Each structure stands twice: as structure tokens, then as C-alpha cells.
Amino acid sequence: MQRLSGAGTWALPYNRNAFVTTLSVASGNLLEGLNEQQRLAVTLPQQSALILAGAGSGKTRVLTTRIAWLIQTGQIGPQSLLAVTFTNKAAREMLTRISAMLPIDTRGMWIGTFHGLCNRMLRAHHRDAGLPQTFQILDSQDQLSLIKRLLRTMGVDDEKLPPRDLQYFINGNKEHGRRAAQVDAFDEHSRRLTELYAEYDRQCDREGVVDFAELLLRSFELLSRNEVLRAHYQRRFVHILVDEFQDTNRLQYRWLRLLAGSDNAIFAVGDDDQSIYAFRGASAQNMFEFERDFARGAVIKLEQNYRSHANILDAANALIRHNHRRLGKDLWTSEGKGEPLRLYEAATDLEEAAYILDEVRHLRAEGVRLSEIALLYRSNAQSRVLEHALFNAGLPYRVYGGLRFFERQEIKHALAYLRLVANPADDGALLRVINLPARGVGARTLEQLQEAARMRGVSLWQSACSTPLAGKAGAGVAGFVQLIEQLQRECRDLSLPAIVERTIERSGLIAYYETERDGADRIENLNELVTAATGFEAEGGGFDASQDAVPGEAPPGAPDTPLHALESFLAHAALEAGEHQAQAGADALQLMTVHAAKGLEFHTVLVSGLEEGLFPHENSRGQDDGLEEERRLMYVALTRARRRLYLTFAQSRMLHGQTRYNVASRFLPEIPEGLVQRVNDARAARGSWSPSSWPGSDRAGDSMRGSRREPAASARAGAGGFADPAFPFRVGQNVMHAKFGPGVIVSAEGRGADARVQVNFRSSGLKWLALEYAKLTPA
DNA sequence: ATTAGTGGTGTTTTT
DNA sequence: CACCACTAAT
């Protein structure tokens with residue numbers, strides 16, 4: 001092999017033999033405390049392997065120890081491996097742990113999210129990838145607004161074609177590695193979508209922007225097209241490690257396969273039972289295929305759970321056994337049984353919140369730190385009620401997810417100015433702020449601008465620069481152009497934080513928000529953006545690209561210019577929407593969606609809103625595998641808890657501005673009754689709606705204090721009865737309708753005259769029917 | 001050109 | 001409820 005010039009980008013920096021002596025000593029430390037399977041995984045030779053790692057089985061530890069072991073035993077240098085995760089949090093965690101194990105600088109290492117690494121690769125080879133150096137990244141919001149804009153200019157009625165549908169279509173295809181030209185369009189509609197997909201890509205190219213999926217697709221295409229680069233990266237990344245492998249989509253899998261070539265080893269760690277991103281193209285199928293293509297029998301199962309007490313684990317195991325498509329794996333623990341799970345049935349969502357509040361207070365009094373307690377829910381909208389209760393009680397809490405720092409409108413506005421400084425062709429950014437604050441550029445002017453741009457096939461910016469309707473200096477379009485140009489000039493010799501500060505100041509956003517009612521918070525956030533830039537710079541400004549040089553290629557970008565720093569910062573903002581929340585360090589109750597909780601663990605976990613329609617979510621019903629994915633989600637929720645696990649649900653809940661009546665989640669009866677203690681107090685008896693339809697609610701042995709009256713006739717497992725004469729139907733019941741024929745009741749709401757049921761008719765699908773009018777008869 | 005108000009609509013999860 | 005897109009009034 002020919003030795004590469006330069007920084008020794010890929011060549012093994014150490015003599016393998018020199019490390020033989022240190023190997024045993026050093027690895028002894030690393031491997032200490034690992035169980036047999038873990039040790040086996042960590043010390044595998046250079047070969048591909050699939051590590052089936054159950055929840056709490058030490059997955060991250062194995063992954064990071066493997067990396068440390070490979071480096072410490074001298075098998076490879078830090079630059080010869082690539083490790084990829086899905087979340088920034090996981091990537092950071094990995095880096096932190098590696099730094100703790102090894103005295104090496106992790107900044108040059110290729111460890112990050114798929115999107116982050118692809119971004120890095122595209123920055124380094126933007127020319128080969130056909131991108132401007134300053135290409136910007138669209139988040140889903142940006143993407144959607146570009147699509148809306150596109151549909152508008154194409155004269156497409158967005159009644160007939162909802163922008164979201166097109167977005168979904170585009171992303172879905174990109175995630176399968178398909179360009180518009182490769183889409184099989186068999187009907188009029190999909191041909192139309194495909195045309196628009198092609199037009200969308202052209203528009204992105206014109207603007208120099210890429211969406212999330214494009215980062216991957218572009219990177220994939222770059223590697224498949226460019227043999228030199230492919231060979232370079234294949235030579236470099238001898239070891240490829242993948243975290244959360246069950247969450248990879250088809251394209252990501254192909255990307256990995258391309259990088260691995262025929263000689264490199266892929267060490268894939270995953271858990272098919274925790275695959276909860278199928279909705280965005282993830283395919284646990286990759287695990288089967290990987291075993292066939294690469295691992296070929298090299299499968300190691302990590303089944304010992306170090307996290308939870310046995311009751312919790314048994315509950316999770318029992319639940320997940322209801323899924324069919326599984327690789328098969330059962331977690332066990334050497335811990336004791338611990339406490340039973342606690343199930344609370346509330347009459348309303350408010351009452352549910354009150355109960356949760358009570359319990360959290362008790363736990364706190366018992367000495368459990370608030371940061372060790374997680375309050376989980378299926379969808380973000382559910383956090384409102386809970387937050388409200390917590391806020392009124394003065395209990396410190398922290399909400400993860402929801403609107404994130406870089407997604408706030410004032411931040412998006414500021415970023416739009418910055419994006420224009422870096423890349424004025426970014427039409428989306430221009431449209432966002434050309435008249436914010438107001439500069440007298442209205443709809444009419446914009447129309448002319450867009451028309452001119454479209455005629456000449458140029459960006460809005462170019463059109464704006466050469467437009468005769470420029471008007472008087474300092475105002476209107478001309479004023480805007482001058483502003484951006486001036487900023488571009490000034491930014492050439494300012495530091496990143498100074499650029500951000502100057503841009504915010506010159507943009508007039510602060511002044512604008514001073515006149516707004518609730519502007520104070522927004523101004524604070526704008527200042528926070530400067531702080532974020534300072535912090536970003538202090539941490540080295542993203543990845544260290546100095547090791548990304550490729551022999552025979554121009555060095556990537558112009559690394560140390562302010563513009564480069566700005567680019568990195570903008571990419572960071574798009575890719576890492578921001579763990580930028582106040583009171584990050586404080587001891588606070590942790591609120592998040594179940595999705596956001598993946599990978600975390602807590603002393604106590606409260607899973608709320610366990611109701612049909614919410615969890616499992618009603619939208620999951622249509623999708624194939626939808627219900628199984630919901631169950632995996634529930635599995636993830638349960639396995640977050642170490643010691644105590646609460647399950648709560650409410651009979652009625654305010655949602656979308658109206659009260660909905662729900663029945664208990666079907667997942668509850670899937671948990672063995674012996675593991676669960678019902679903790680309903682008198683509160684639940686008050687104002688109860690009608691029978692609980694948790695099939696287990698009438699089972700003997702349940703400690704149902706204050707249990708509600710239920711007629712004996714209904715006491716049959718699997719069928720909650722009906723006591724309320726105002727509501728003579730129950731969910732799950734077969735019914736007959738005069739017009740629609742036979743069907744099954746899938747949900748119900750309201751009572752008395754307002755009572756409605758949702759029926760899944762065999763012939764005509766889902767329908768809501770008002771009981772007062774619809775002639776429904778039990779069948 | 002800008003804003004305030006209205007009506008209609010859609011809603012999961014995230015890099 | 002919350003976010004739009006559109007309309008009417010300034």
C-alpha cells in the first residue's frame with residue numbers, strides 16, 4: 001500500500017507488534033466488569049457482527065469499550081474508525097465515554113450522527129458532490145415551506161395536493177435511495193408527484209440547500225459515483241460501528257455497505273424490539289439482511305439487564321411477546337423482583353395530573369431526586385396539562401422536545417439573516433426576513449421579484465440585486481440588499497459570535513421585538529443565540545476537518561475563515577435543533593415523549609395517557625406494523641425504569657379543544673396481573689364515566705381499593721361490560737348498521753345525547769356515528 | 001402595505 | 001386548541 005502524504009490521514013500510525021505487550025495490561029482494565037457476552041463482543045476480531053442488545057444490557061458500554069479496545073490494543077488508530085449514531089445525544093455520550101477511557105483527542109474522529117457525518121463528508125467534497133461550499137441545510141419546517149412555495153409557483157392547488165403529502169413522498173423516496181428519475185410512477189397521481197419531486201430537487205439545487213434526506217442521498221451518490229473517494233474512505237475506515245442499528249433506513253444501510261466495501265468490519269448494535277422509527281423509513285429488516293450479508297452467524301445476544309428490577313422487566317418481556325416479527329430475545333436480571341408496577345385510573349386528564357403530582361412529591365420526600373423521575377407521554381400535546389399542574393404546584397420540571405431552541409421563530413429569523421450572509425441564493429431565508437422587520441416590501445413587490453427570478457432562472461437574491469424597482473436607499477428591496485451586502489463585508493474579519501451579534505443588531509430584529517407584546521423573551525433568546533455561538537466556537541466549532549484531507553484533492557474548504565465558522569454553526573443549528581434549554585443543570589422532573597426517552601434510564605418512570613387512541617395512537621392503526629411499533633414504543637417506555645414504574649390513564653381527556661372519552665390501552669392487559677397493583681383511590685370513583693374497559697379490572701387478586709361498581713354480567717375478561725344505560729355499547733363490540741352493514745366499535749366518546757362511537761365497517765371503513773341517530777344494533 | 005380578524009382545518013413520534 | 005390562509009379595514 002502506498003503511503004499517503006500529508007497528515008497520515010489513514011495509514012496505521014502504530015506498529016502493530018509494538019503493542020502486543022501493552023495489550024494484555026491495558027485491555028485488562030477495559031474489560032473489567034464485563035460479562036462474558038459483552039467481553040466477547042468487545043474483543044471480536046476484525047469481522048462484521050450483529051450485537052443484539054436488549055434494553056439496559058450495556059449496549060453503549062460495549063460499543064464504546066469496543067472502540068477503546070481497538071485503539072488501545074493498537075489495532076487501529078483513532079482515525080481508522082467510523083462510529084455512527086442517530087441522535088446527537090448518543091454521539092456526545094460516546095465521545096465522552098471514550099475520552100474517559102483513553103487519553104486521546106476525539107475531535108478528529110468520525111463519530112456522529114448519520115446526518116452529521118454526511119454533512120461533514122459533503123463539506124469536504126462539496127465540489128464533487130455538486131454543491132456550493134456554503135450549502136445550507138433545511139430542517140423539516142424549511143423543507144415544507146419550500147414545497148409550499150414550489151406548489152404555488154407551479155400552480156398546483158394545495159387542496160388537491162397537500163404539501164405534506166409531497167414532502168412525505170419526496171422523503172420516502174430519498175430514504176430508499178430513489179431520485180425522481182428512478183421512481184416507478186404507475187398512475188397519474190404518482191407521475192405528478194414524481195414531476196414535482198424532480199422540480200423540488202432542481203429548486204434546492206438553485207438555492208444551494210439540502211434537506212435531511214438529501215444529506216444522506218448526496219453522500220451516498222458521491223461515494224458510489226466517485227471511485228477515488230470511495231476507495232479512500234474504504235481504506236480509511238477499517239472499523240465501522242453502528243449504534244441503534246434497528247433504526248437505520250434502507251439508504252443508510254446502503255451507505256454503510258458502500259463504506260464497508262468488501263474488507264471492512266461493521267459492528268452493528270441494535271435491538272429490534274426498540275425499533276420505533278419505522279414511520280420515518282427505519283427498517284428492522286436491515287437487521288435480518290445484515291446478518292445475511294455481513295454477520296453470517298456472528299450474532300451476539302446481550303440479554304442480561306443491569307437496569308431494572310425483575311417485575312419491571314417481566315412486564316416488558318410479557319408485553320413485547322405479543323409482537324410477532326421478532327428476532328427473539330428475553331431479558332433477565334439477577335436483581336430481585338422489586339415493587340409491583342402501579343396502575344392508576346383517573347376520571348380526567350386533570351385528575352391524572354394531580355395524581356402524578358402527588359406521587360412525585362412523595363417520591364421527592366422519600367429522597368428520590370427529581371431528575372431521576374421521568375414523566376413520559378406518547379405525544380407532545382399531552383405535556384400541556386401536565387406542565388400546567390406542575391407549574392401551579394411550583395414543582396421544578398424540564399420539558400424535552402417540543403419547540404426547540406433553534407426552531408423558535410425569532411431564532412429562525414436571525415438564522416435566516418446569517419444564512420443569507422453565507423449563501424444569498426437561499427430563497428427560503430430571503431423570503432422569511434426580507435420584510436421582517438417591515439421594510440415596505442409587500443406581496444406585490446415579492447410577486448414581481450419572484451416573477452423576475454423565475455423568468456431569468458436565478459435566485460430571488462440575484463433578482464433583487466438587479467431589480468429596477470429598488471427604490472430609495474435604506475428602504476425596500478434596495479435597503480435589504482445593502483444590509484446583507486454590508487453584513488457580508490463586515491463578517492469577513494469578525495469572529496463567529498461577533499458575526500452573530502452584528503447580524504442580529506443590524507437586522508433590526510431586536511427593535512422589532514421591542515415593539516411586540518411578548519417580545520422580551522424573544523430578545524432574550526436572540527441574545528442567547530450569541531451565547532450559543534460563543535459556546536460553539538469555544539468547543540472548537542463542530543468537527544475538526546483538518547483530518548479530512550484526501551490525497552490528490554484540494555483541501556476541504558478554507559478551514560479557518562470566519563465564513564467557514566459560520567457555515568459550521570448554521571449546519572449545527574439545523575442538525576442539532578438544540579438541547580438549548582434553560583435550567584438544564586437544575587434538579588427537575590423530566591418530561592418527554594417516549595421517543596425522546598429512548599436510551600435513557602430513571603429511578604422512577606411514569607407513563608401517562610395509556611388510552612386507546614393515544615397509546616397506541618389512533619394514526620398507527622392504518623399503517624402495517626403500526627400496532628407492533630406502538631407496542632415496541634410501550635416496551636421502550638417500560639424499560640426506562642430502574643426501580644419504580646407507574647402506568648396511568650384517564651377516562652376523559654381534553655384534546656383538540658374538546659373532551660374525548662377513551663378506554664384503557666390494550667397494552668395494559670398484556671402485562672401479567674400479578675406484576676401490577678391498582679392504586680386507584682376514592683377519586684376515581686367520583687364521576688366515573690362508565691365501565692372501565694380494562695379487561696383486568698375485575699380480576700380477583702387485584703387490589704382495587706375503592707373499586708367501582710360493575711355489574712356482574714360484564715365481568716368477563718376481554719370484554720368490559722356496560723353499566724351506563726346512556727351508553728349501551730362498548731369498544732370492541734360487533735355491531736350492525738342498516739346502511740353500512742357489519743362493523744366493530746373502535747372508540748367512543750360523549751354520553752347521553754352526545755354519545756358517539758367510531759365504527760370500523762367491514763365494507764366502508766372508519767366512521768363516527770351519533771348514537772342518537774344511527775340505527776346501530778348489536779351483532 | 002399592513003394589520004386585525006375570521007373561518008376552516010388538522011393534528012404522532014424526529015435527524 | 002393552534003395554526004394556517006384569506007378577507008376586510010386601516
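Values in this document were obtained by computation on a predicted structure and should not be read as measured data. Residue numbering restarts at 1 for every chain, and letters A, B, ... go by the order of the sequence lines.
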Nearest whole Å is fine: how far is [N] [atom2] from [X] [atom1]?
{"X": "A:Asp625", "N": "B:dT12", "atom1": "CG", "atom2": "C1'", "answer": "15 Å"}
{"X": "A:Arg439", "N": "B:dT2", "atom1": "CZ", "atom2": "P", "answer": "11 Å"}
{"X": "A:Arg632", "N": "B:dT14", "atom1": "CZ", "atom2": "P", "answer": "16 Å"}
{"X": "A:Glu630", "N": "B:dT12", "atom1": "CD", "atom2": "P", "answer": "12 Å"}
{"X": "A:Glu175", "N": "B:dT15", "atom1": "CD", "atom2": "C1'", "answer": "10 Å"}
{"X": "A:Asp247", "N": "B:dT14", "atom1": "CG", "atom2": "P", "answer": "12 Å"}
{"X": "A:Tyr168", "N": "B:dT13", "atom1": "OH", "atom2": "P", "answer": "15 Å"}
{"X": "A:Gln143", "N": "B:dT15", "atom1": "CD", "atom2": "C1'", "answer": "12 Å"}

Hey, does the side chain of [X] come within less than 4.0 Å of [N]'s phosphate (OP1/OP2), counting only N and O?
{"X": "A:Arg164", "N": "B:dT11", "value": "yes"}
{"X": "A:Arg660", "N": "B:dT11", "value": "no"}
{"X": "A:Thr593", "N": "B:dT12", "value": "no"}
{"X": "A:Arg384", "N": "C:dA2", "value": "yes"}

dist A:Arg408:CZ -> A:Arg522:CZ (nearest 0.5 Å) comes out at 8.5 Å
Could you tell me whether the side chains of A:Gln143 and A:Ser140 share a donor-acceptor contact shorter than 3.5 Å? no
5′-ward residue of the pair A:Asn88/A:Val441 relative to DNA chain B: A:Val441
So which one's nearest nucleotide on DNA chain B is more toward 5', A:His617 or A:Ala438? A:Ala438
Out of B:dT12, B:dT14, B:dA1, minimum distance to the side chain of A:Ser379 belongs to B:dT12
Ignoring the backbone of A:Arg444, work out which of B:dT14, B:dA1, B:dT12 is nearest its side chain. B:dA1
Looking across every strand, which nucleic acid part, if any, lies under 4.0 Å from [X] by heavy atom: base, sugar-phosphate, or nothing?
{"X": "A:Lys148", "value": "sugar-phosphate"}
{"X": "A:Arg152", "value": "sugar-phosphate"}
{"X": "A:Phe114", "value": "nothing"}
{"X": "A:Asn380", "value": "sugar-phosphate"}
{"X": "A:Ser140", "value": "base"}

Note: A:Ser507 and A:Arg439 closest approach over all heavy atoms is O-NH2, 3.4 Å
When every non-hydrogen atom of A:Arg178 is compared with those of A:Tyr197, the smallest separation belongs to O-OH, 2.6 Å
Check for me whether the distance between the ring centres of A:Tyr512 and A:His413 falls short of 6.0 Å. no
Side-chain donor/acceptor of A:Arg378 to base of B:dT13, under 3.5 Å: yes
Could you measure between the two P atoms, the one in B:dT13 and the one in C:dC4, and give it in whole Å? 15 Å
Using centres under 5.5 Å plus planes under 30 degrees as the test, is A:Phe279 stacked with B:dT13? yes
Check the angle between the aromatic planes of A:Trp110 and A:Phe237 and answer parallel, tilted or perpendicular using the 30° and 60° thresholds. tilted
